[in-house]
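A short worksheet on the structure shown next.
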Protein chains: 2
Amino acid sequence: MKTQQTAEVAARPAGRPRSEKAERSIIEATLELLGEGIGVSELSIESIAGRAGVGKTTIYRRWSNKEDLVVDALATLKPPIPLPQGGTVRDDLVTYLRVIQEESRHHRTRCIMNIAMSDSERHPRLAERFRELAVEPRRAVVTAVLRRGMETGELRADLDLDMALALLSGAMIWSTKWSHSGDPQADLPERIVDEALKGFRPRPSTPEPCPEL
Amino acid sequence: MKTQQTAEVAARPAGRPRSEKAERSIIEATLELLGEGIGVSELSIESIAGRAGVGKTTIYRRWSNKEDLVVDALATLKPPIPLPQGGTVRDDLVTYLRVIQEESRHHRTRCIMNIAMSDSERHPRLAERFRELAVEPRRAVVTAVLRRGMETGELRADLDLDMALALLSGAMIWSTKWSHSGDPQADLPERIVDEALKGFRPRPSTPEPCPEL
DNA sequence: GCGTTGCGAAACTCAGTCGTATCGAAATCA
DNA sequence: TGATTTCGATACGACTGAGTTTCGCAACGC
């Protein structure tokens, strides 16, 4: 009898149920601290508990170690990038890079990105979560845009999609990080997209890309 | 009299001179630990002293804080990239990317790169040192290669050099970090360079880049 | 009401690190 | 030889954080 009851799917365990509010506070506090530049290794359970207004016990009851907590916290980050879909391929790509650029202005996003780039070496599960949360959605969006361009003839039919994504995203990150001047570089997305679209080689005199169309 | 002597340039201070060997051990130990994946924030003076076989005093006597030590340690890293100069622009660029790719295979280099990407947020002097040590030499080499190509007509005369460098280097880093498969990707340099050279737009039928030459 | 479980707060032990101080030995110069 | 400085080693007090335990109270089912 008892066995049947406890085996039920929705069998509520006896006693006071765990507070969802506390759980949300803990995760929010974790993200806040990470967003303030605290690295994963420096992140302490005590600081999280203090920030969340929660006892350490409440954290340890839910997560057995820091990595689990951070992984779960990152999982709640919603990818804030919808599709820029709409105009020409060039316009869409510029829009895409502009969103990335805008994100990298926010301190919080930059810190999270740093964790993704750096701590993923020591925390494979973090890296996996990041790929799933941030990289993959962006890859899907850009791939869709590029594929459309290949169909309309706006792009080469034999374009290497993975390389195209790497060139665009990589260039954006590199420029943001290492461009010698600290200026805002407002036209960065346009410059990247235009260079990528044109390529490095000279065009054979005629400015018209598709003469016979 | 005495004042004149102590004012001399090469006036050796009395007492036992500082050991150069200890200094080298300290710096080497620092680089070793960083190369093993220890982040700057987790790096402890005690662990450095232990690894170097040196008393903590010997470290504190030379560097007043950890950041100074790390900056000095990084300064001893010789940029192992000479010029790949030689063949066509395409070949030189492929060679350049291949060196980066080869570097990123070594755990030590990867860790140092992670520090550059991530800790530069909190340690501006580290970022500065990195730009000077790693970014700037590479920029110079690639810029020279590209400029040569622009002169010979192998590349567009109005090429945006900064963007070209960002596209190439950024794509390499992005691919190494986020390419979905964990495979070696031996042909990555070729693929990146070829996509970058060709650009995304279709060529106007003729495969000959410069008909009138 | 009673048993059970979660809550926040506080105390605890254990370990690591910091930066300083002290020690005897070693290295250098006058 | 003696003064001076560095050497590695060790100890020190202060601090921080981990992970556990205890406490009194709150929330739930029965």
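Numbers restart at 1 for each chain; the letters A, B, ... are given by sequence-line order, proteins then strands.
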Side chains of residues 169-176 of chain B: which donor-acceptor pairs under 3.5 Å do they make with residues two or more places apart or in other chains?
unit_1 : atom_1 : unit_2 : atom_2 : d
B/S169 : OG     : B/Y96  : OH     : 3.2
B/S169 : OG     : B/L165 : O      : 3.1
B/S175 : OG     : B/A171 : O      : 2.8
B/T176 : OG1    : B/M172 : O      : 2.7

Write out a two-atom table: protein N or O, nucleotide N or O from nucleotides 3-5 of chain D, distance below 3.5 Å.
unit_1 : atom_1 : unit_2 : atom_2 : d
D/dT5  : O4'    : B/A14  : O      : 3.4
D/dT5  : O2     : B/R16  : N      : 3.1

Salt bridge (Lys or Arg N to Asp or Glu O under 4.0 Å) between B/D72 and B/R62, worked out
CA-CA 11 Å; B/D72 277 5; B/R62 291 167 164 76; over 6 Å; no
Go through B/R156 and A/E195 one step at a time and tell me if the side chain to side chain contact (heavy atoms under 4.5 Å, CB included) criterion holds.
CA-CA 10 Å; B/R156 275 169 33 225; A/E195 290 299 317; 3.5 Å; yes
As a quick check of understanding, evaluate salt bridge (Lys or Arg N to Asp or Glu O under 4.0 Å) for B/E28 and B/K21, giving each step before the final call.
CA-CA 10 Å; B/E28 182 52 35; B/K21 181 180 161 196; over 6 Å; no
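When only modelled atom types and interatomic distance are considered, A/D91 and A/T88 share a side-chain donor-acceptor pair under 3.5 Å.
When the local axes at the two ends of the helix from C/dG1-D/dC30 to C/dA30-D/dT1 are compared, using 5 base pairs at each end, they differ in direction by 10° after rounding to 10°.
Look at NZ on A/K66: it is 8 Å from P on D/dG19, rounded to the nearest Å. Regarding B/E42, its CD atom lies at a distance of 13 Å from the P atom of D/dA18, rounded to whole Å. Regarding A/R24, its CZ atom lies at a distance of 18 Å from the P atom of C/dG6, rounded to whole Å. If you measure from atom CD of A/E23 to atom C1' of C/dG8, you get 16 Å, rounded to the nearest angstrom. B/E20 places its CD atom 11 Å from the P atom of D/dC7, with the value rounded to the nearest Å. C/dA21 atom C1' lies 17 Å from atom CD1 of B/I45, rounded to whole Å. Atom-to-atom, CZ of A/R62 to C1' of D/dG19 comes out at 17 Å; the value is rounded to the nearest Å. Across the protein-nucleic acid pair, A/K21 atom NZ and C/dG6 atom P stand 18 Å apart, rounded to whole Å.
Of the listed nucleotides (D/dG8, C/dC7, C/dG8), D/dG8 has the atom at the smallest distance from the side chain of B/V54. Minimum atom distance to the side chain of B/Y60 is reached by C/dT20, of the listed C/dA10, C/dT20, D/dC7.
For the atom pair CE of B/M163 and NZ of A/K198, the computed distance is 12.0 Å after rounding to the nearest 0.5 Å. Separation of atoms CD (B/E102) and CD1 (B/I100) is listed at 12.0 Å; rounding is to 0.5 Å. How far OG1 of A/T76 is from CD of A/E23: 11.0 Å, rounded to the nearest 0.5 Å. Distance OG/B/S120 to CZ/B/R125: 14.0 Å, rounded to 0.5 Å.
Across all strands shown, B/T57 has heavy atoms under 4.0 Å from base atoms, whether or not it also approaches the sugar-phosphate.
No donor-acceptor contact under 3.5 Å links the side chain of B/S19 to the base of C/dA27. Taking 3.5 Å as the limit, the base of D/dG8 and the side chain of B/K56 contain no donor-acceptor pair of atoms between them.
Along DNA chain D, the nucleotide nearest to A/S64 and the one nearest to B/E46 differ in position, and the one closer to the 5' end is contacted by B/E46.
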